[in-house]
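Here is the structure we will look at, set down as structure tokens.
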Amino acid sequence: MTARLNVNIDHVATVRQARRAPEPSVVAAAMLAEQAGADGITVHLRGDRRHIQDADLPALRASVTTYLNLEMAATEEMLELALATRPDAVSLVPENANEITTEGGLDVRGNIAIVRAAVARLRQGGILASLFIDPDTQQIEAAHEVNAQQIEMCTANYAEATLGSRGFHGEGSLRAGQELRRLREGAALASQYGLLVAAGHGLTYRNVGAVATITEVAEFNIGHSIISRSIFIGLERAIAEIREAIRVGSDS
Ligand code: PXP
């Protein structure tokens with residue numbers, strides 16, 4: 001089955017915040033993405049509010065009709081906002097103040113009590129609890145131990161391995177193959193534990209196909225490459241392009 005695609009629209013808000021202006025509207029972006037075939041919308045409310053703002057959450061909750069996935073750190077502030085917003089899913093992510101983007105997966109094993117408590121509160125609130133982790137046996141087992149319903153495997157290392165110093169070197173490089181194997185094994189293990197499996201970070205229409213061959217991966221969260229491409233070819237085409245790459249991978 002073809003995996004679902006949640007479009008991460010953070011960078012629409014990045015452009016808006018560059019001017020502190022009303023446009024481009026994240027609600028309009030979400031509507032267009034849904035019309036273009038996105039199965040869901042993902043946003044990351046960061047502690048520093050560099051893109052998505054608190055007011056975006058109720059606005060998106062009121063307008064997104066497919067599936068709303070909120071990425072956030074497991075802090076009290078964020079948990080309260082999530083429980084007030086009631087997205088369909090929350091993906092708990094690590095957050096460092098000075099990072100350019102999320103750097104690797106959450107250390108569930110090292111923060112077991114905090115993550116377990118956060119998962120319990122989300123689940124009590126009727127929100128699907130997902131953990132963004134590296135495809136690592138220890139972390140997958142920890143995700144199971146804290147009663148998460150889903151893991152989102154961090155594909156950053158794989159994605160980086162598909163890029164060479166002079167640009168795109170393809171999915172076939174040795175390191176990309178090794179990283180893909182880690183993702184494949186991680187997905188199989190998570191599935192054995194009954195966890196749903198998603199994947200994301202750094203994926204593009206060029207490198208997503210190989211990940212889509214992993215049958216357990218039922219959902220992708222993709223942002224940067226879709227929004228970047230949309231500047232040149234429009235959101236609709238950028239989404240169609242990546243959906244087609246996922247379909248080709250799933251069908252192979
Ligand atoms: N999944 C998670 C948990 C993320 O933090 C991000 C980045 O916000 C993504 C997916 C999407 O990554 P990208 O923007 O590189 O597609």
Side-chain angles (χ1 to χ4, degrees), residues 4-103 106 118-119 121-123 125-132 150 152 198 200-203 219-231 234-236 238-239 242:
R4 297 183 308 277
L5 170 66
N6 295 337
V7 176
N8 180 317
I9 56 170
D10 289 349
H11 289 333
V12 175
T14 303
V15 175
R16 182 191 64 189
Q17 294 311 113
R19 278 289 178 94
R20 308 281 190 276
E23 61 181 19
S25 153
V26 290
V27 169
M31 302 297 86
L32 278 171
E34 287 187 322
Q35 275 171 32
D39 299 295
I41 302 297
T42 294
V43 289
H44 183 176
L45 183 67
R46 297 187 63 99
D48 62 12
R49 308 299 197 271
R50 69 172 74 155
H51 37 56
I52 297 295
Q53 304 295 303
D54 295 34
D56 292 326
L57 299 186
L60 287 166
R61 180 63 295 178
S63 47
V64 168
T65 56
T66 51
Y67 187 84
L68 183 62
N69 174 36
L70 173 63
E71 297 172 357
M72 57 176 230
T75 61
E76 182 57 31
E77 179 197 21
M78 291 297 158
L79 284 165
E80 283 174 18
L81 282 165
L83 290 166
T85 307
R86 309 251 163 188
D88 298 282
V90 159
S91 304
L92 295 177
V93 300
E95 225 175 77
N96 299 316
N98 296 321
E99 67 191 0
I100 292 173
T101 182
T102 312
E103 291 166 346
L106 186 66
V119 165
R121 280 175 68 189
L122 293 169
R123 292 189 64 164
I127 301 168
L128 183 123
S130 182
L131 304 179
F132 182 61
Q150 176 175 288
E152 178 179 345
H201 211 285
L203 296 175
E219 178 187 287
F220 286 103
N221 288 292
I222 306 180
H224 183 85
S225 99
I226 293 176
I227 304 303
S228 304
R229 293 279 294 161
S230 77
I231 292 171
L235 196 53
E236 198 173 18
I239 291 172
I242 213 138

*asked:* Quick check on E76: does its CD atom have over 12 non-hydrogen neighbours (other residues, nucleotides or ligands) under 6.0 Å away?
replied: yes
Can you check whether [X] reaches [Y] side chain to side chain, under 4.5 Å on heavy atoms?
| X | Y | answer |
| --- | --- | --- |
| R123 | I127 | no |
| L32 | E236 | no |
| V27 | L60 | yes |
| V7 | D39 | no |
| E71 | N8 | yes |

State whether the side chain of [X] and the backbone N or O of [Y] hold a donor-acceptor pair below 3.5 Å, judged by distance alone.
| X | Y | value |
| --- | --- | --- |
| E34 | T66 | yes |
| S225 | L203 | yes |
| E95 | G47 | yes |
| Q17 | V15 | no |

*Who are the side-chain hydrogen bond (donor to acceptor under 3.5 Å, both in side chains) partners of T75, not counting sequence neighbours?*
none
*Criterion side chain to side chain contact (heavy atoms under 4.5 Å, CB included) on V93 and L131, from CA distance to verdict*: CA-CA 7 Å; V93 300; L131 304 179; over 6 Å; no
*asked:* Quick check for you: to the nearest 0.5 Å, what is the distance between L70 atom CG and L92 atom CG?
replied: 9.0 Å
Do you know which two heavy atoms are closest between [X] and [Y], and how far apart they sit?
| X | Y | answer |
| --- | --- | --- |
| A82 | P87 | O-CD, 3.3 Å |
| I239 | A36 | CG2-O, 3.7 Å |
| T42 | D10 | O-OD1, 4.3 Å |
| R49 | Q53 | O-NE2, 2.8 Å |

*Check the pair R16, D56 against side chain to side chain contact (heavy atoms under 4.5 Å, CB included), reporting the backbone distance first and the verdict last.*
CA-CA 12 Å; R16 182 191 64 189; D56 292 326; 2.7 Å; yes
*Check whether the side chains of E152 and S130 place a donor and an acceptor atom closer than 3.5 Å, and report yes or no.*
no
*With sequence neighbours left out, which residue pairs that include part of residues 80-93 fulfil the side chain to side chain donor-acceptor pair (under 3.5 Å) condition?*
R61-D88, N69-S91
_Here's a test for you: under side-chain contact (heavy atoms from CB on, under 4.5 Å), which of N6, V26, V64, L57 qualifies with V43?_
L57
